[in-house]
Number of protein chains: 2
Amino acid sequence: MERVAIIDMGSNSIRFIVMQVADNKSYHLEYQQKEAIRLGRGMSETGKLNPEGVERALACLHVYKHMMEVMQVTKCIAVATAAARNASDGEAFIERIKQETGIEIEVISGEREAYLGYLGVVNTIDERNYVQFDLGGASIEVSLVRDRKIVESVSVPIGAVTVTDAFNLGDKVTPAAIERCCAFVRRKYEEMIPWAEGLNLPVIGVGGTVRNLAKMDQAQTNYQLSRIHNYIIPRRRFEETYTSIIKSNLSSRKRMKGLSSERADLIVAGAIIINTLMEFTGGQNIIVSGCGLRDGVFFEYYGETYGYGDGYKGPIIPDVLQESVHNYLLSADRRMEHLERVRTLALSLFDQLKRSHGGTRRDRSLLEVAAWLHDSGKVVNYYDHARHSAFIIAHAPLYGMRQLEQLRAAFIAGFHHGISNKIMRAYRYGMMLTPEDWKKVRRLSLLLALAEASDVTYEGVVRRIDVADDEEAVVLSLRGKKGEDHSAAEFEMKSYCKQFKKEYGKPLIIMWQKG
Amino acid sequence: MERVAIIDMGSNSIRFIVMQVADNKSYHLEYQQKEAIRLGRGMSETGKLNPEGVERALACLHVYKHMMEVMQVTKCIAVATAAARNASDGEAFIERIKQETGIEIEVISGEREAYLGYLGVVNTIDERNYVQFDLGGASIEVSLVRDRKIVESVSVPIGAVTVTDAFNLGDKVTPAAIERCCAFVRRKYEEMIPWAEGLNLPVIGVGGTVRNLAKMDQAQTNYQLSRIHNYIIPRRRFEETYTSIIKSNLSSRKRMKGLSSERADLIVAGAIIINTLMEFTGGQNIIVSGCGLRDGVFFEYYGETYGYGDGYKGPIIPDVLQESVHNYLLSADRRMEHLERVRTLALSLFDQLKRSHGGTRRDRSLLEVAAWLHDSGKVVNYYDHARHSAFIIAHAPLYGMRQLEQLRAAFIAGFHHGISNKIMRAYRYGMMLTPEDWKKVRRLSLLLALAEASDVTYEGVVRRIDVADDEEAVVLSLRGKKGEDHSAAEFEMKSYCKQFKKEYGKPLIIMWQKG
């Protein structure tokens with residue numbers, strides 16, 4: 001068994017995944033984190049990395065380093081793209097990361113970036129001929145793929161973050177600004193990717209901007225599956241979305257269905273870059289890929305180390321569909337110790353917070369079921385596994401619960417990464433619970449989320465939580481072994497303070513108990 | 001690892017389950033079959049077993065014997081209840097079964113039947129005090145449970161089959177006949193279970209009749225979960241259903257929502273027996289149990305052999321909820337060879353029937369995905385696993401399919417036990433497919449169902465299928481090794497002839513190729 005960590009430090013966000021390769025050579029995503037660091041913000045003026053972005057990136061990398069040790073990662077492949085590549089202080093930053101965290105990050109060329117993104121797509125979408133783009137914070141990689149081979153690829157140094165800054169598109173935008181921006185982007189394309197003009201091929205898009213455009217399209221068309229990879233946005237519908245985006249200011253964009261509020265500032269520049277590319281290439285539809293550079297990094301490593309199918313070694317999977325089905329058949333995931341710790345802490349929180357949540361002995365049992373099975377959905381898919389756990393708990397041969405109790409346990413587990421009613425819309429039986437049931441579910445699910453967050457590193461750093469359940473506030477004092485690093489757990493737990501206040505009507509204060 | 005087969009030969013139906021106990025002592029249902037044999041039909045007049053029922057039972061037992069060998073079952077526990085117990089030729093029939101199949105069936109007493117049914121319920125429903133009944137074809141076992149212990153239990157020799165016969169309740173029923181029947185049933189209760197009168201406890205019901213009443217109630221209330229175990233029918237709603245049942249004749253009962261057409265004849269007697277019991281005991285609600293005698297047989301064996309929880313040995317699980325959650329966490333199920341065979345035969349059928357189904361190369365790939373993953377839903381629950389496989393395929397990290405293709409693959413797998421649109425109602429994304437898509441899905445799913453049926457015994461008896469795709473009919477010639485028993489596969493495959501004709505517009509003829 002091997003664990004491969006992949007870090008992708010972009011201009012807008014940093015991502016960390018851990019892939020497990022089992023003894024039977026099947027592989028699956030075991031862990032992932034993502035943070036918006038905005039390393040490239042302001043770079044078009046200063047030519048330097050954003051100072052706050054640098055600090056955020058370092059904080060994340062410390063956590064990732066720690067996670068790699070905890071998870072016994074045997075191989076780490078870390079890459080940095082446009083921001084680190086283009087900034088005058090990029091090299092120094094990479095050196096500082098190495099000094100402070102020990103992580104060696106390779107700053108990859110635009111061409112290699114495009115190639116890895118291509119590997120992420122060619123190995124997960126079954127198309128032979130297409131134009132691919134990967135729009136990041138500071139660059140867009142555009143590639144031409146013919147017969148599954150990459151024949152052209154260029155990194156164009158315009159990205160959602162840099163173009164937003166350069167044309168001041170973050171809030172209200174004037175038609176004149178739009179026009180100037182479009183002309184600028186088009187000139188860049190003419191200059192750098194002349195081969196792409198009028199190709200009239202399907203366009204496959206990678207990156208946060210296009211994923212978000214897909215979510216907006218799904219919200220508008222009342223699409224029933226909450227899945228992004230391989231979703232198709234028809235050109236005409238894309239243009240409608242584009243038009244409504246560029247006509248709105250920041251606050252009305254924040255209210256647009258499907259648009260993440262933390263991307264509402266960057267979406268104008270992103271949509272312009274994509275729309276101009278569609279016009280330039282003459283593509284009819286956008287196929288959205290949820291897989292990109294980091295998947296490409298894995299597929300390259302895995303293919304060269306283990307090979308695909310019958311003895312073939314190399315980075316490109318001969319038959320994407322076959323490979324993923326076979327691999328899925330062979331994968332599984334379980335961590336009993338983590339489950340035991342999460343259960344114990346969730347029940348401890350329940351017992352100490354009784355006065356505030358008002359749960360009964362029976363509710364305690366349901367919370368326990370949810371805690372034991374909160375990760376069971378990983379067998380379906382790591383992504384959205386909380387939601388899949390809810391499905392599994394609702395249908396598994398579990399005994400000793402009334403049906404509506406089983407549903408409550410299911411939904412508590414479904415919210416173990418925080419409360420999101422939206423995420424439950426796929427399950428019609430959500431409507432079977434009363435508002436009172438839902439209130440309980442939400443309160444208890446936060447206890448599970450806090451317990452899960454306390455073991456986010458799977459190493460049990462939080463041994464005990466003492467609760468002071470006061471009229472005015474709830475204070476959690478975390479205890480563990482002296483000298484152990486608990487920052488990741490504390491950070492994760494604090495992310496639920498806002499939801500806690502909403503559900504319990506008083507603030508949550510989390511502190512580490514010294515000594 | 002151990003496999004335990006359990007056979008329960010009742011007066012109405014015969015059931016066969018195989019439970020696997022893994023090396024880690026976790027257990028799960030691995031296989032099940034059920035057939036309506038109606039052994040008790042006509043017994044109230046003749047005092048003897050129904051002759052056709054006897055032959056049907058023997059045919060089933062031959063199949064079960066075969067399955068036990070194939071699955072390497074190490075332990076078989078077979079029991080027979082009221083029909084075999086009460087018929088004058090019951091003993092001789094048991095002897096004949098032993099001679100012809102080698103299966104030794106124990107005819108259990110009414111008291112033991114009640115006890116085993118009690119074990120099935122007390123180990124799967126978390127109630128302490130209740131009246132339990134198990135209504136079969138020729139008897140109803142009534143027990144009183146206090147503090148999870150059985151304190152009374154009697155087998156009353158009235159059942160859905162025998163009472164239907166005795167009072168001629170199969171089709172149209174007169175108020176006078178109902179009245180006579182109710183009075184008869186009530187007298188039996190007064191005589192045999194006087195301790196049950198006016199207990200005013202919850203009533204837990206086991207058996208096909210009460211399961212079907214639950215389905216009717218779910219259909220009437222538009223209940224969203226298709227799950228029976230631990231469903232509650234409030235007394236008042238039960239009475240409404242009861243009233244509409246006894247007022248209808250056979251053909252209008254057959255149209256009642258939720259009522260299985262093969263039970264439409266027996267439901268009047270069944271409903272009378274239950275309603276009279278509710279009046280007699282004063283119970284307010286009926287809690288429906290999907291677990292009963294055969295589960296009880298397993299729990300008794302397992303508890304005494306392996307024990308539950310921390311070193312406790314005995315038939316009663318100390319904590320039902322804990323036990324089932326822990327057990328579920330430890331269970332899994334996979335049979336690669338079976339999957340490989342089903343895939344190969346499904347694709348062979350696809351290739352040979354191209355002219356009739358009109359599927360493309362792409363459809364062939366989707367059928368292949370469905371074949372590989374058709375059993376993946378077992379990880380959720382053996383029961384309804386086809387439907388759960390659909391859920392898993394729709395959400396798994398499978399690559400190389402468009403989203404709507406993935407849905408089509410999902411639904412093909414979802415129908416691998418035959419087409420049932422009803423069963424898909426829990427998934428809102430069913431509506432995303434066009435009627436044309438659905439037509440394809442249904443046609444291809446039947447190929448998968450046939451391939452799966454050909455390996456129903458998991459031993460690969462059908463090595464090859466030759467298809468003659470004629471204008472007038474489709475003929476499948478099955479080939480295998482000489483001397484191997486292929487009757488179970490042939491029987492299963494033939495069960496899809498009717499659906500095939502509907503979807504393909506011409507009859508399906510299945511024959512075994514000699515030599």
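Heavy atoms only: backbone and side chains are in, while hydrogens, waters and symmetry mates are out. Proteins come first, then strands; the chains are lettered A, B, ... in the order of their sequence lines, and each starts at number 1.
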query = Which bit of A:Q322 comes within less than 4.5 Å of chain B, counting heavy atoms only: side chain, backbone, both or neither?
reply = side chain
message = At a 4.5 Å cut-off on heavy atoms, which part of A:L366 comes close to chain B: side chain, backbone, both, or neither?
response = neither
ask   = At a heavy-atom separation under 4.5 Å, does A:E368 approach chain B through its side chain, its backbone, both, or neither?
value = side chain
request  = Check whether A:N123 gets within reach of chain B through its side chain, its backbone, both or neither, counting any heavy atom under 4.5 Å.
outcome  = backbone
inquiry  = Please check: side-chain N/O of B:N230 versus main-chain N/O of A:Q403, any donor-acceptor pairing under 3.5 Å?
reply    = no
remark   = Sequence neighbours excluded, the answer for ring-ring contact (aromatic ring centres under 6.0 Å, His included) partners of A:H338 is A:H374, A:Y458
query = Are A:L321 and B:M401 close enough that some pair of their side-chain heavy atoms sits under 4.5 Å apart?
reply = yes
inquiry  = Going by the rule salt bridge (charged side-chain N to carboxylate O under 4.0 Å, His left out), which residues pair with B:E337 if we only count those two or more places apart in sequence or in a different chain?
reply    = none
query = So which part of B:E405 gets closer than 4.5 Å to some heavy atom of chain A, the side chain, the backbone, both or neither?
reply = neither
query = Using non-hydrogen atoms only, which part of A:L339 is less than 4.5 Å away from chain B: side chain, backbone, both, or neither?
reply = side chain
request  = Kindly indicate, with the supporting measurements, whether the criterion ring pair (Phe, Tyr, Trp, His ring centres under 6.0 Å) is fulfilled by B:H229 and A:Y399.
outcome  = CA-CA 9 Å; B:H229 187 72; A:Y399 299 123; 5.2 Å; yes
query = Under a 4.5 Å heavy-atom cut-off, does chain B meet the side chain of A:R343, its backbone, both or neither?
reply = neither
query = Hey, what's the ring geometry for B:F391 with A:H388, parallel, tilted or perpendicular (30° and 60° as the breaks)?
reply = perpendicular
